[in-house]
Colleague: 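This structure is in structure tokens; I'll ask about it shortly.
The structure displayed is predicted, hence computed values, not measured ones.
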Amino acid sequence: CFSLWQNNLQKEHILVIPEVDVKRMQKNPFLSGFLHAIDHTFNVSIVEHYEGPSIAVHKSFFLSVNPSDFHALRDGVLSTRGKASLSCHQSNNNGPRVVILDRKGSRSMKDSQGMSQHIESAIWPDNKTVPHVSVSYFEGKSFEDQVDIFASADILISPHGAQLTGVPFMPYCGSVLELFPESYFWPAYFGSLAASSGLVYSYLYLGTGNEQVIDRDSSIKGKIIRSTKRRIRMCPPIERVIDAIRILAEEWRSCCNKTK
């Protein structure tokens, strides 16, 4: 929808959401904050009914016509609060900022603080003054707080979950490392959002089975297994995470060099 509005700036922008969905979304800090942002920042009228010509949105994957559309969304939301998305060279001359976005419910990580320390010591052993790795949670955070966390993450590590919805607010040259529990594998969902935002996307699957089979297993048994596995706390192998961060850090440096 936002891409459609960005490519038709001269027209009226209307988002039709049934009342029952608006009430549900208002209970979620991120969704309610997002609706307020597009209303006040981009003059999008949010209505329950509309009789004029419209386009139906199919709920499948995230898409934008161009990453610049999501960049406009990010920059517009930040600018209303007197902030801006920092370039690579403005954010940290010593390397990318890594954020571990953990959860406090299902699919939380067993020791995200320990992981941050391992990553720090393995990749930046000589830097004792500027921490590169931080741990954040979204529980209890406002929309603005969540946007600020995304805007400060050059590399984001997070379990699969709704907290990844805000990755379009990440900086230029950013990347996402999504963690999937055993028997649950759906990289196309948030992977499509990351790609549409111009980000590098990668994942770690923590099981030993065939990911492609797991992704397509729609049987009742398969659904029960996935539901059970999604509730288990995650413990990603630290060496695999460190190897992935090294690769993503090099991607970040390469991208930054191109933007000089």
Side-chain angles (χ1 to χ4, degrees), residues 62 67 70-71 85-103 107 109-127 130-136 149-161 163-164 166-182 184-212 214-215 234-260:
F62 296 95
F70 275 145
H71 296 164
S85 180
L86 300 181
S87 69
C88 305
H89 313 290
Q90 293 172 312
S91 62
N92 193 343
N93 291 325
N94 298 311
R97 300 161 296 175
V98 180
V99 174
I100 299 174
L101 180 55
D102 201 358
R103 298 162 58 97
R107 296 190 303 285
M109 287 187 273
K110 287 187 176 180
D111 187 13
S112 51
Q113 289 291 347
M115 179 186 293
S116 70
Q117 295 169 8
H118 279 293
I119 296 172
E120 190 86 45
S121 60
I123 301 182
W124 295 281
D126 300 324
N127 191 339
V130 182
H132 289 77
V133 187
S134 60
V135 179
S136 295
I149 291 171
F150 281 118
S152 67
D154 297 307
I155 299 176
L156 185 75
I157 309 169
S158 185
H160 174 78
Q163 74 281 355
L164 287 168
V167 296
F169 296 105
M170 290 178 62
Y172 294 105
C173 297
S175 57
V176 177
L177 176 62
E178 185 174 9
L179 307 177
F180 289 96
E182 182 182 2
Y184 191 83
F185 182 71
W186 198 4
Y189 195 68
F190 289 112
S192 64
L193 179 60
S196 290
S197 305
L199 304 171
V200 173
Y201 174 79
S202 57
Y203 65 83
L204 285 179
Y205 173 63
L206 306 186
T208 57
N210 186 324
E211 295 96 323
Q212 301 304 317
I214 293 167
D215 191 20
M234 303 174 68
C235 186
I238 188 61
E239 291 305 322
R240 290 181 63 190
V241 174
I242 290 173
D243 288 344
I245 296 302
R246 285 197 173 104
I247 294 171
L248 295 176
E250 285 304 314
E251 293 270 4
W252 179 84
R253 293 187 183 93
S254 175
C255 177
C256 290
N257 288 334
K258 293 177 183 177
T259 62
K260 286 184 178 180

Colleague: Does any non-hydrogen side-chain atom of Arg240 lie less than 4.5 Å from one of Ile242?
Modeller: no

Colleague: With a 2.5 Å cut-off on the SG atoms, do Cys255 and Cys173 make it?
Modeller: yes

Colleague: Glu178 and side-chain hydrogen bond (donor to acceptor under 3.5 Å, both in side chains): which partner among Tyr203, Tyr201, Tyr205?
Modeller: Tyr201

Colleague: Given side chains that start at C-beta, do those of Trp124 and Val98 come closer than 4.5 Å, heavy atoms only?
Modeller: yes

Colleague: Could you check if a side-chain atom of Leu156 sits within less than 4.5 angstrom of a side-chain atom of Leu164, using non-hydrogen atoms only?
Modeller: yes

Colleague: Could you state the interatomic distance from CD1 (Ile245) to CD (Glu120), rounded to the nearest 0.5 Å?
Modeller: 11.5 Å

Colleague: For a 4.5 angstrom cut-off between non-hydrogen side-chain atoms, does Met109 reach Leu179?
Modeller: yes

Colleague: Say whether, by atom type as modelled, one donor and one acceptor occur between the side chain of Arg107 and the main chain of His160 under 3.5 angstrom.
Modeller: yes

Colleague: Closest heavy-atom contact between Ala194 and Val176?
Modeller: CB-CG2, 4.3 Å

Colleague: For the residue pair Ser112 and Ile100, what are the closest heavy atoms and their distance?
Modeller: O-CD1, 3.7 Å

Colleague: Hey, what do you get for CG (Asn257) to CH2 (Trp252), rounding to the nearest 0.5 Å?
Modeller: 9.0 Å

Colleague: Examine distances only and state if a side-chain atom of Ser254 and a backbone atom of Glu250 form a donor-acceptor pair shorter than 3.5 Å.
Modeller: no

Colleague: Please round to the nearest 0.5 Å and tell me the distance separating atom CD of Gln163 and atom CD1 of Ile149.
Modeller: 11.0 Å

Colleague: Please check if the side chain of Ser116 supplies one atom and the backbone of Gln113 the other of a donor-acceptor pair under 3.5 Å.
Modeller: yes

Colleague: Roughly how far, to the nearest 0.5 Å, is the CG atom of Asp102 from the CG atom of Asp111?
Modeller: 9.5 Å

Colleague: Do Phe70 and Leu193 touch side chain to side chain, with heavy atoms closer than 4.5 Å?
Modeller: yes

Colleague: Nearest 0.5 Å please: distance from the OG atom of Ser202 over to the CG atom of Leu177.
Modeller: 4.5 Å

Colleague: Could you go through the side-chain contact (heavy atoms from CB on, under 4.5 Å) check for Arg97 and Asp154 one step at a time?
Modeller: CA-CA 5 Å; Arg97 300 161 296 175; Asp154 297 307; 2.9 Å; yes

Colleague: Please evaluate residues Met170 and Ser197 with respect to the criterion side-chain contact (heavy atoms from CB on, under 4.5 Å), reporting the C-alpha separation (whole Å), side-chain torsions for both, the decisive distance (0.1 Å), and the verdict.
Modeller: CA-CA 8 Å; Met170 290 178 62; Ser197 305; over 6 Å; no

Colleague: Does a side-chain heavy-atom distance below 4.5 Å link Ile123 with His132?
Modeller: no

Colleague: Does the side chain of Ile157 come within less than 4.5 Å of Val133's, by heavy atoms?
Modeller: no

Colleague: Determine the minimum heavy-atom distance between Pro236 and Met115, stating which atoms define it.
Modeller: CG-CE, 3.2 Å

Colleague: If we count only N and O atoms by modelled type, under 3.5 Å, do the side chains of Ser175 and Glu251 hold a donor and an acceptor together?
Modeller: no

Colleague: Do you know which two heavy atoms are closest between Ser136 and Val99, and how far apart they sit?
Modeller: OG-CG1, 4.1 Å

